[in-house]
Amino acid sequence: MPTITLPDGSQRSFEQPVTVGGVAAAIGAGLARAALAGEVDGRLVDTTHVITGDARVRIVTAKDPQGLEILRHSTAHLLAQAVQSIYPQAQVTIGPVIEDGFYYDFAFERPFTPEDLEKFEARMRELARADQPVRRRELPREEAIAHFRALGEHYKAEIIVGIPADQPITLYGQGDWEDLCRGPHVPSTGRLGAFNLTKVAGAYWRGDSRNEMLQRIYGTAWADEKQLKDYLQRLEEAEKRDHRRIGRELDLFHFQEEAPGAVFWHPHGWTVFQGLIDYMRERQNAAGYQEISTPEIMDRELWVQSGHLEKFGENMFLTRTPDERVYAIKPMNCPGHVQVFRHGLHSYRELPIRLAEFGRVHRYEPSGALHGLLRVRAFTQDDAHIFVTEDQITGETVRGIELLMSIYRDFGFDEVKVKFADRPPRRVGDDEIWTRAENALIEATRAAGVDYTVNPGEGAFYGPKLEFVLKDAIGRDWQCGTWQVDLNLPGRLGAHYVDEHSQRRTPVMLHRAIFGSLERFLGILLEHHAGRLPTWLAPVQAVVMNITSRQAEFAAEAVDFLRNQGVRVEADLRNEKVGYKIREHTLQRVPYLLVAGDREVGSRSLAVRSRSGKDLGAMPLEEVASRIAGDVASRGLHCLED
RNA sequence: GCCCACGUAGCUCAGUCGGUAGAGCACGUCCUUGGUAAGGACGAGGUCACCGGUUCGAUUCCGGUCGUGGGCUCCA
């Protein structure tokens, strides 16, 4: 006689064992219809699950995050059923839930086509309409393996072998179709409907490129049609923010076939790029960094010594000169910085020595990885290497993290996650050194009072690192900054300092980047702001436009005035209507549109319109200049104009 | 690098069941002097990504290469 406790604390007693669905029905017919699954004593189960004893029960519906997950998982099953009903020889593998949807990987003799996708989706809708009940059964492990082998489902058999012995092997079925699955699932296929198949892609079995390629079908699924529509709309929004599109629309940069993964910066794009450099230079100079510049190509031998060629070689560009010497184009700045440090003998009294460079590096990335500014083969790092004694690691790291966070705040990124990446499989240096480096970095991170998560095996080949991840305006994560402790390269490259006992010692090198890649950071900013860069970064901060040719002379004068006041301003004196000019520069996301008509000429003022379309009224030239200057000084963080 | 899709004017895209191509926007000239998101007329602009093959003839069909997009893998 089970007594069921519901989430609101109320209790219900039943004469005999009752299913989750039965509990829902006892509460109300509406809930019974909405029930997708149940949570019994914290465990997710099917609605057919029988409760025999007292339990805490929650009915899971599509409104719950877990309910939505179950819905997506069941939709993945529906896809598998549809695929196998059309192509019985396709083998099923795995079909997990992912953000906003699901995918299912199949082994099939040929790639699926977009036409296949349409057929699958149509079949899925038929099967959903048929409203087939979903069954669950358990099988003994050996029997299950034999069962799937007999069906020719070798991947499933392989999966079962990997399931821990204490877990039951469960199968879920609907109609004449059945699949290995942990569950739970929705009670019947009629609950599924708000879904779309979105794309096909190749994917390796178990994500390993040595394994065979499977056919992955992606889909999205939601609680109802409205949510699905909202999701599709969000995708559209993200597409509008795409930095590649904005880059083209605002004429910031382009790519072309002859230079895959390398950026051609146009004047406006380069203005923003330089703005980032100017800003960073100011901040790091104030923090005690010294800027240097090191060669882009250096003899291969140096890269053998550093270990780059061995551990990073497949990402490096090499070049042979007419004298048959082989040079490497630098993929990192560290070896060059060590050369600068090595030049002359340093005392411990000089440390820390902080060498910074806006270093342009080249990395041969796999062609499939390239993606606009976000993944390129030639990029500029705001790179620095800090040479310290082992005792100084903590203090310098605390200072460094403070600088990093302060800079991110200036760009409006208030939410920053930190990840600690420890020793990778491909590395230089023995384990004792790695342990020391990892411990030092963890201690320093704690001292800085920063929470972090661990990213195992993702450190650089020469040392562990912190990764700084920013959250953008639409909630996406971007890894930008890095802080690394390196007990390896200084020794390999022969860096020394003299300690207080006149002994030569090897310094520790801290590697750090804040933007990471300037190209990438700029791409992130474009997406974060949807192209509406704050005034301090906007390539064109203001445009002065005349209404008729009568005001051309004054407009030109106004441009000169503002330019002298340090405003990045352009004139638009074309023979077009003012509405046309407003539209064009609004589309160009210019923060201030300044109109000169006869009224303004008389008072030596400009009518100011903000990027958001607000009329700020006419202002004397001086006031326009000081207003824009104020906006620039605040870095737009407190600017309400948009 | 691997899988799939795609590559036509500066941009967004039509089109050709094989007979060397078209729209809108942008661009140029002219008209228009118009107060806050598109005034009008005319015009110029393309080796249909590249290389081969099939064919009387290829932008179209086939093969390859390069590039782009989405995944996989990897990373800033």
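Chain letters run A, B, ... following the sequence lines, proteins first and then strands; every chain starts at 1.
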Next item on the list: Kindly state each residue pair satisfying salt bridge (charged side-chain N to carboxylate O under 4.0 Å, His left out) with at least one member in residues 262-273 of chain A, sequence neighbours excluded.
Entry: none
Note to self: Strictly by salt bridge (charged side-chain N to carboxylate O under 4.0 Å, His left out), give each pair with a member in residues 521-531 of chain A just once, sequence neighbours left out.
What the structure shows: A/Arg476-A/Glu527
Checklist line | Aromatic plane relationship, A/Phe413 with A/Phe521 - under 30° parallel, 30 to 60° tilted, over 60° perpendicular | finding: perpendicular
Next item on the list: With A/Arg512 as reference, evaluate A/Glu396, A/Gln284, A/His385 under the side chain to side chain donor-acceptor pair (under 3.5 Å) test and give the passing residue.
Entry: A/Gln284
Distances for protein N or O near nucleotides 4-14 of chain B N or O, under 3.5 Å:
{"from": "B/G7", "atom 1": "N2", "to": "A/Glu257", "atom 2": "OE2", "distance (Å)": "3.4"}
{"from": "B/C11", "atom 1": "O3'", "to": "A/Arg248", "atom 2": "NE", "distance (Å)": "3.3"}
{"from": "B/U12", "atom 1": "OP1", "to": "A/Arg248", "atom 2": "NH2", "distance (Å)": "3.1"}

Check: If a stem is a run of at least 3 consecutive Watson-Crick or G-U pairs, both distances under 3.5 Å, which stems include RNA chain B?
Finding: B:1-7 with B:66-72, B:10-13 with B:22-25, B:27-31 with B:39-43, B:49-53 with B:61-65
Next item on the list: Using the six-membered ring wherever Trp is involved, compare the ring planes of A/Phe411 and A/Tyr279 and label them parallel, tilted or perpendicular (cut-offs 30° and 60°).
Entry: perpendicular
Margin query: By the 4.0 Å heavy-atom rule, please label A/Gly597 as base, sugar-phosphate, or nothing.
Written below: base
Next item on the list: Would you classify A/Phe312 as touching base, sugar-phosphate or nothing, given that sugar-phosphate means primed atoms plus P, OP1 and OP2, and contacts are heavy atoms under 4.0 Å?
Entry: nothing
Next item on the list: If the plane angle is over 60° it's perpendicular, under 30° parallel, otherwise tilted; pick one for A/His308 and A/Phe312.
Entry: perpendicular
Check: A/Tyr87 vs A/Phe112 aromatic rings, parallel, tilted or perpendicular, using cut-offs 30° and 60°?
Finding: parallel
Item checked: Side chain proximity check, A/Trp483 to A/Thr445, heavy atoms < 4.5 angstrom -> no
Item checked: Whole-angstrom distance between B/C62 and B/U55, as gauged at atom C1' -> 12 Å
Margin query: For a quick check of understanding: with a heavy-atom distance under 4.0 Å over all strands, which category does A/Arg216 fall into, base, sugar-phosphate or nothing?
Written below: sugar-phosphate
Notebook entry, point to check: Quick one: A/His371 NE2 to B/C72 P, roughly how many Å, whole number?
Noted result: 13 Å
Check: Looking for any heavy atom pair under 4.0 Å, which part of the strands does A/Leu370 touch: base, sugar-phosphate only, or nothing?
Finding: sugar-phosphate
Next item on the list: Could I get the full list of ring pair (Phe, Tyr, Trp, His ring centres under 6.0 Å) partners for A/His529, not counting sequence neighbours?
Entry: none
Notebook entry, point to check: With sugar-phosphate meaning primed atoms plus P, OP1 and OP2, does A/Gln588 contact a base, only sugar-phosphate, or nothing at under 4.0 Å between heavy atoms?
Noted result: nothing
Notebook entry, point to check: Among the nucleotides B/U33, B/C72, B/G70, which one has an atom lying closest to any side-chain atom of A/Tyr204?
Noted result: B/C72
Notebook entry, point to check: Touch check for A/Tyr218, heavy atoms < 4.0 angstrom, all strands: base, sugar-phosphate only, or nothing?
Noted result: sugar-phosphate
Protein and nucleotides 24-28 of chain B: nitrogen or oxygen contacts under 3.5 angstrom:
{"from": "B/A26", "atom 1": "OP1", "to": "A/Tyr580", "atom 2": "OH", "distance (Å)": "3.3"}

Next item on the list: Find the distance A/Arg426:CZ to B/U73:C1' and express it as a whole number of Å.
Entry: 14 Å
